[in-house]
Undergrad: 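I have a structure here, written as structure tokens, and I will follow up with some questions on it.
Just follow the structure's listing: the first ligand is 1, and inside any ligand the first atom is 1. Since this is a predicted model, take the numbers as computed values, not measurements.
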Amino acid sequence: MAETRPSRDLPAPVVVVGSGIAGLSFALKATRHAPVLLLTKKNAVESNTNYAQGGIACVTSAEDSYELHVRDTLEAGAGLCHEEVVRQVVEEGPARVAELVELGVKFTEREEGGGGPDLGKEGGHTKRRVLHAGDITGKELERALLSAVRSHPRITVRENMVAIDLITTKKLKRRGPNRVVGLYALNANRNQVEAVAAAAVVLATGGCGKCYLYTTNPAIATGDGVAMAYRAGGAVANLEFVQFHPTCLFHPDAQTFLISEALRGEGARVVNARGEDFTKETDPRGSLAPRDIVARAIDGEMKESGAPCVYLDIRSRGAEFLAQRFPEITGTLRKLGIDPVQQPIPVVPAAHYQCGGVKAKLDGRTSLAGLLALGEVACTGLHGANRLASNSLLEALVMAHEAAEKLPESLAAAPKGDRLPLWKEGQAHDADELVVITHNWREIRQLMWDYVGIARTTKRLRRAKSRLRLLLQEVEEFYWDFRVTPDLLELRNLALCSALIVESALRRRESRGLHANADYPGLAKIANDTVIKAGEL
Ligand code: FAD
Ligand code: SIN
């Protein structure tokens, strides 16, 4: 059988999949121990990271404390956070953020009071603690991290490489404990699948917002990492906790555009068409309650009134403040004909963040040897049943650091210069009806929106499960019959990730944080993670 081996018999590199904050930060730190090959499926900048607005939650002010940040995170997480993980992330935060500044990330500074970072506030935070670069924090992070990665002599970046599946010793029918030894990736420039040997594979593939019809996520967020890890035998956890951001812009020409929670931190209120602040009826914190609570209140209000959206009213802050603090948001709204100084902004909740993911330790180790998972793709226990705003970028930074520190341990049993079988195309031919792929994409995203959204019932979840079973079968048939394309690969992952979300949701017989099931309205006595292991779906 034809095989590939690392070029010139050099030891296999550490292969990082993904060029968001997790993948880039890890790559920069991992080079101390090994050369890094970073694969990313589109232009390197395309990632959820690039669209982050609010910023990074981190204790930097004398009025704040680790204890308060820990408490806010635990409170938002609705009893399911792993406290030791929360403490470590919060306490390591300042050191990791200082490294970003050293790397050249420019956070917005306070104009008065002798400088220091300007700190934003978001839902669930009892203090101002969110460092930001205006309202384009993600773009600034990608700019600085990518520029350092691209100029690093030990890192090779390959764009348009879509990771397909992990290669394990079990799949290769080798003796001994199962281990990830590489992956197959579609080189989308040449339409060829390559086998890539790896001393370790690091999934930094982000989330799965595209499982839903309406999302704040860009096109890359198709749950590839969760699907790949699960197919390879890895355990996944807490996937039922899909976070819906309360305030995605409601406009036909900008369906994924986020209106940052930071606006609420600066005084914006969520109101209905009559201008009533209905969020106060469910929580005294009103518009600044954690996201699960605000999104549910909006969902309830829209269902009751039949209105297509609610509104975010920040008129009180005036033109000068808005232009200076939120230039990107204000500019985008104006281009769309909405003047936030004169009128409330129409908004709706949309799928935003995957709180669950590949079950991982804070140093990225998963249930599979040779596989690390970092950032949004991972479930470490930090977020519990609902992520506190702006804790995601922080988690990715801390994980990247911890994973790089422990990399020698992860590499200890790595094979040297492994030979891998080439991808077999078999009888596959070009798909004659590509439109079927589009239809299935649409069907999955619509059914996830209709049956697995903010308010759930067991009947609807079961309905989603049986439809997804058929869709999964159909997609697997395409996968084996046709030559793979990026769209087909993403559809396959989207279908599996959606099925895992539904299975997780059915297993949780309570309502907690982001998961609200009308058939189980109360909390279970014991809070447990929902873990799905290989073959259980
Ligand atoms: P990502 O940044 O999503 O990167 C994933 C990478 O993996 C991408 O490069 C992608 O192309 C690549 N990839 C995926 N699949 C494959 C594959 N099969 N093969 C090859 N490459 C692949 N969080 C905060 O803490 N603060 C905020 O202010 C904030 N604002 C947000 C605003 C928006 C609009 C969105 C969508 C999210 C926001 N979040 C925020 C969440 C946060 O941005 C993300 O959770 C975080 O950036 C995830 O980083 P990551 O590196 O794990 O993944
Ligand atoms: C936002 O700016 O509202 C997004 C922050 C986050 O997702 O943490």
Undergrad: Can you tell me if Lys29 has over 12 outside heavy atoms packed within less than 6.0 Å of its NZ?
TA: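 Yes.
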Undergrad: Going by the atom numbers of ligand 1, which of them fall below 4.0 Å from some non-hydrogen atom of Asp224?
TA: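 Listed by number with element: 15 (N), 16 (C), 17 (C), 18 (N).
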Undergrad: Could you say whether the N/O atoms of Lys42 and ligand 1 ever approach to under 3.5 Å?
TA: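 Such a contact does not occur with ligand 1.
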Undergrad: Ignoring hydrogens and angles, write down the donor-acceptor pairs under 3.5 Å from the side chains of residues 13-24, residues two or more places apart or on other chains.
TA:
{"residue": "Ser19", "atom": "OG", "partner": "Thr40", "partner atom": "OG1", "Å": "2.8"}
{"residue": "Ser19", "atom": "OG", "partner": "Ala44", "partner atom": "O", "Å": "2.6"}

Undergrad: Using a 4.0 Å cut-off to any heavy atom of Ala52, which atoms of ligand 1 qualify?
TA: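 It comes down to these atoms of ligand 1: 27 (C), 28 (O), 29 (C), 30 (N), 31 (C), 32 (C), 43 (O).
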Undergrad: Which heavy atom in Leu80 sits nearest to a heavy atom in Ala385, and how many Å separate them?
TA: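 So the minimum-distance heavy-atom pair works out to CB-N, 3.7 Å.
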Undergrad: Decide whether a cation-pi geometry holds between Arg492 and Tyr479; the criteria are a distance under 6.0 Å from NZ or CZ to the six-membered ring centre and an angle within 45° of the ring axis.
TA: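 Verdict for Tyr479: a cation-pi partner in Arg492.
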Undergrad: Can a side-chain donor-acceptor contact be found between Thr438 and Asn440 if the only test is distance below 3.5 angstrom?
TA: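 Side chains of Asn440 and Thr438: no pair found under 3.5 Å.
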Undergrad: The test is side-chain contact (heavy atoms from CB on, under 4.5 Å); show your working for Met448 and Leu213 and say whether it passes.
TA: CA-CA 7 Å; Met448 289 297 286; Leu213 192 58; over 6 Å; no
Undergrad: So, do Ser260 and Asp135 sit near enough that their side-chain heavy atoms are less than 4.5 Å apart?
TA: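 Of all side-chain heavy-atom pairs linking Asp135 with Ser260, none is under 4.5 Å.
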Undergrad: Any idea which atoms of ligand 1 are less than 4.0 Å away from a heavy-atom of Glu46?
TA: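 Atoms satisfying the 4.0 Å criterion: 8 (C), 9 (O), 10 (C), 11 (O).
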Undergrad: Counting from 1, what ligand 1 atoms have a heavy atom of Ala22 closer than 4.0 Å?
TA: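 Taking each heavy atom of Ala22 in turn, ligand 1 has 51 (O), 52 (O) under 4.0 Å.
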Undergrad: Which of these, Asn217, Leu145, Leu39, has its nearest heavy atom closest to atom 36 (C) of ligand 1?
TA: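 The option holding the nearest heavy atom is Asn217.
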Undergrad: Using atom types as modelled and distance alone, determine if a side-chain donor or acceptor of Thr215 lies under 3.5 Å from a backbone N or O of Tyr212.
TA: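 Checked: no pair found.
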Undergrad: For atom 26 (N) of ligand 1, which candidate among Gly54, Gly55, Gly18 holds the nearest heavy atom?
TA: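 Going through Gly54, Gly55, Gly18 one by one, Gly55 has the nearest heavy atom to atom 26 (N) of ligand 1.
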Undergrad: Tell me the protein heavy atom at minimum distance from atom 41 (C) of ligand 1, and give that distance in Å.
TA: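 Minimum-distance protein heavy atom for atom 41 (C) of ligand 1 reads Ser392 OG, 3.9 Å.
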Undergrad: Going by the atom numbers of ligand 1, which of them fall below 4.0 Å from some non-hydrogen atom of Asn391?
TA: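 It comes down to these atoms of ligand 1: 25 (O).
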Undergrad: Looking at Phe321, does the NZ or CZ of Arg325 lie under 6.0 angstrom from its six-membered ring centre and within 45 degrees of the ring axis?
TA: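 Checked: cation-pi criterion not met.
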Undergrad: Under 4.0 Å, heavy atoms only, figure out whether ligand 1 is touched by the backbone of Thr205, its side chain, both or neither.
TA: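 Both the backbone and the side chain of Thr205 come within reach of ligand 1.
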Undergrad: For atom 34 (C) of ligand 1, which protein heavy atom lies nearest, and how many Å away is it?
TA: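 Ranked first by proximity to atom 34 (C) of ligand 1 is Tyr51 O, 3.5 Å.
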Undergrad: Of the choices Met399, Glu142, Glu376, which has the non-hydrogen atom that lies closest to atom 48 (C) of ligand 1?
TA: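 Closest candidate by heavy-atom distance is Glu376.
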Undergrad: In terms of relative ring orientation, are His69 and His125 parallel, tilted or perpendicular, with 30° and 60° separating the classes?
TA: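 The rings of His69 and His125 sit tilted, inter-plane angle from 30° to 60°.
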Undergrad: Are any of the heavy atoms in Ala396 under 4.0 Å away from ligand 1?
TA: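 No heavy atom of Ala396 comes that close to ligand 1.
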Undergrad: I want to check something: taking the side chain as every heavy atom from C-beta on, are Asn187 and Asn160 in contact at a cut-off of under 4.5 Å?
TA: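 With C-beta onward as the side chain, the pair stays apart.
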Undergrad: Numbering the atoms of ligand 1 from 1, which are under 4.0 Å from a heavy atom of Thr216?
TA: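 What qualifies from ligand 1 is 34 (C), 36 (C).
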Undergrad: Can you check whether Leu393 has an N/O within less than 3.5 Å of an N/O in ligand 1?
TA: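 Yes: some nitrogen or oxygen of Leu393 is under 3.5 Å from one in ligand 1.
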Undergrad: So do the side chains of Cys208 and Thr222 get within less than 4.5 Å of each other, counting heavy atoms only?
TA: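 Answer no - side chains too far apart.
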Undergrad: For atom 6 (C) of ligand 1, state which one of Ala204, Gly206, Ala351, Gly207 supplies the nearest heavy atom.
TA: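 The nearest heavy atom belongs to Ala204.
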Undergrad: Less than 4.0 Å is my threshold; does some heavy atom of Gln354 fall inside it relative to ligand 1?
TA: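 Judged by the 4.0 Å heavy-atom criterion, Gln354 does not count as contacting ligand 1.
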Undergrad: Identify, chain by chain and in numerical order, each protein residue with a heavy atom under 4.0 Å from an atom of ligand 2.
TA: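 Shell around ligand 2 (4.0 Å, heavy atoms): Gln53, Gly54, Glu122, His245, Leu258, Ser260, Glu261, Arg291, His352, Arg387, Ala389, Ser390.
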Undergrad: If we set the cut-off at 4.0 Å for heavy atoms, which region of Leu258 has an atom near ligand 1: side chain, backbone, both, or neither?
TA: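 The side chain, only.
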Undergrad: Can you tell me which residue among Arg291, Arg264, Arg129 is in a salt bridge (charged side-chain N to carboxylate O under 4.0 Å, His left out) with Glu122?
TA: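 Looking at Arg291, Arg264, Arg129, the match for Glu122 under the salt bridge (charged side-chain N to carboxylate O under 4.0 Å, His left out) is Arg291.
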Undergrad: I need the single residue from Pro290, Cys81, Ser392 that forms a side-chain contact (heavy atoms from CB on, under 4.5 Å) with Arg387. Which is it?
TA: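 Single pass found, and it is Ser392.
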Undergrad: Before signing off on this row, confirm whether Asn48 and ligand 1 have an N or O atom pair separated by under 3.5 Å.
TA: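 N/O-N/O distance below 3.5 Å exists for this pair.
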Undergrad: Can you pull out the closest protein heavy atom to atom 49 (O) of ligand 1? Residue, atom name and distance to 0.1 Å, please.
TA: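 In this structure, atom 49 (O) of ligand 1 has Thr49 OG1, 3.2 Å as its nearest protein heavy atom.
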Undergrad: Is the shortest N/O to N/O distance between Ser19 and ligand 1 below 3.5 Å?
TA: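 Yes: some nitrogen or oxygen of Ser19 is under 3.5 Å from one in ligand 1.
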Undergrad: Side-chain donor-acceptor pair under 3.5 Å between Asn386 and Gln243, yes or no?
TA: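 Side chains of Asn386 and Gln243: pair found under 3.5 Å.
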Undergrad: Any non-hydrogen atom of Arg387 lying under 4.0 Å from ligand 1?
TA: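 Arg387: in contact with ligand 1 (<4.0 Å).
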Undergrad: What atoms in ligand 1 come closer than 4.0 Å to a heavy atom of Gly375?
TA: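 Answer, ordered by atom number: 52 (O).
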Undergrad: Any chance you could lay out the ring pair (Phe, Tyr, Trp, His ring centres under 6.0 Å) test for Phe257 and Tyr51, step after step, and finish with the verdict?
TA: CA-CA 9 Å; Phe257 190 71; Tyr51 298 87; 9.3 Å; no
Undergrad: Taking the side chain as every heavy atom from C-beta outward, state whether Arg158 and Leu38 have any pair of such atoms under 4.5 Å apart.
TA: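 Contact flag for Arg158/Leu38 side chains = no.
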Undergrad: Identify the closest protein heavy atom to atom 35 (C) of ligand 1: which residue and atom is it, and at what distance?
TA: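 Nearest protein contact, heavy atoms only, for atom 35 (C) of ligand 1 is His352 CE1, 3.4 Å.
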Undergrad: Please round to the nearest 0.5 Å and tell me the distance separating atom CD of Glu194 and atom CD1 of Ile164.
TA: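 It comes to 10.0 Å.
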Undergrad: Using distance alone, decide if ligand 1 has a nitrogen or oxygen within less than 3.5 Å of any nitrogen or oxygen in Met228.
TA: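 N/O-N/O distance under 3.5 Å: no.
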Undergrad: Kindly indicate whether the side chain of Met228, heavy atoms from C-beta on, has any atom under 4.5 Å from the side chain of Val201.
TA: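 Contact flag for Met228/Val201 side chains = no.
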Undergrad: Checking a contact table here: which protein heavy atom is nearest atom 22 (C) of ligand 1, and how many Å away?
TA: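 Answer, as residue, atom name and distance: Lys41 CG, 3.8 Å.
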Undergrad: Below 3.5 angstrom, do we get any N/O pair linking Pro218 and ligand 1?
TA: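 Checking ligand 1 against Pro218, no N or O pair falls under 3.5 Å apart.
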Undergrad: Using a 4.0 Å cut-off to any heavy atom of Met161, which atoms of ligand 1 qualify?
TA: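 Under 4.0 Å from Met161, ligand 1 has these atoms: 19 (N), 20 (C).
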Undergrad: Measure the distance from atom 19 (N) of ligand 1 to every protein heavy atom, then report the residue, atom name and distance (to 0.1 Å) of the closest one.
TA: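 The protein heavy atom lying closest is Ala163 N, 2.9 Å.
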Undergrad: Would you sort out whether Tyr353 and His383 count as a ring pair (Phe, Tyr, Trp, His ring centres under 6.0 Å), showing the intermediate values?
TA: CA-CA 11 Å; Tyr353 183 83; His383 310 306; 5.2 Å; yes
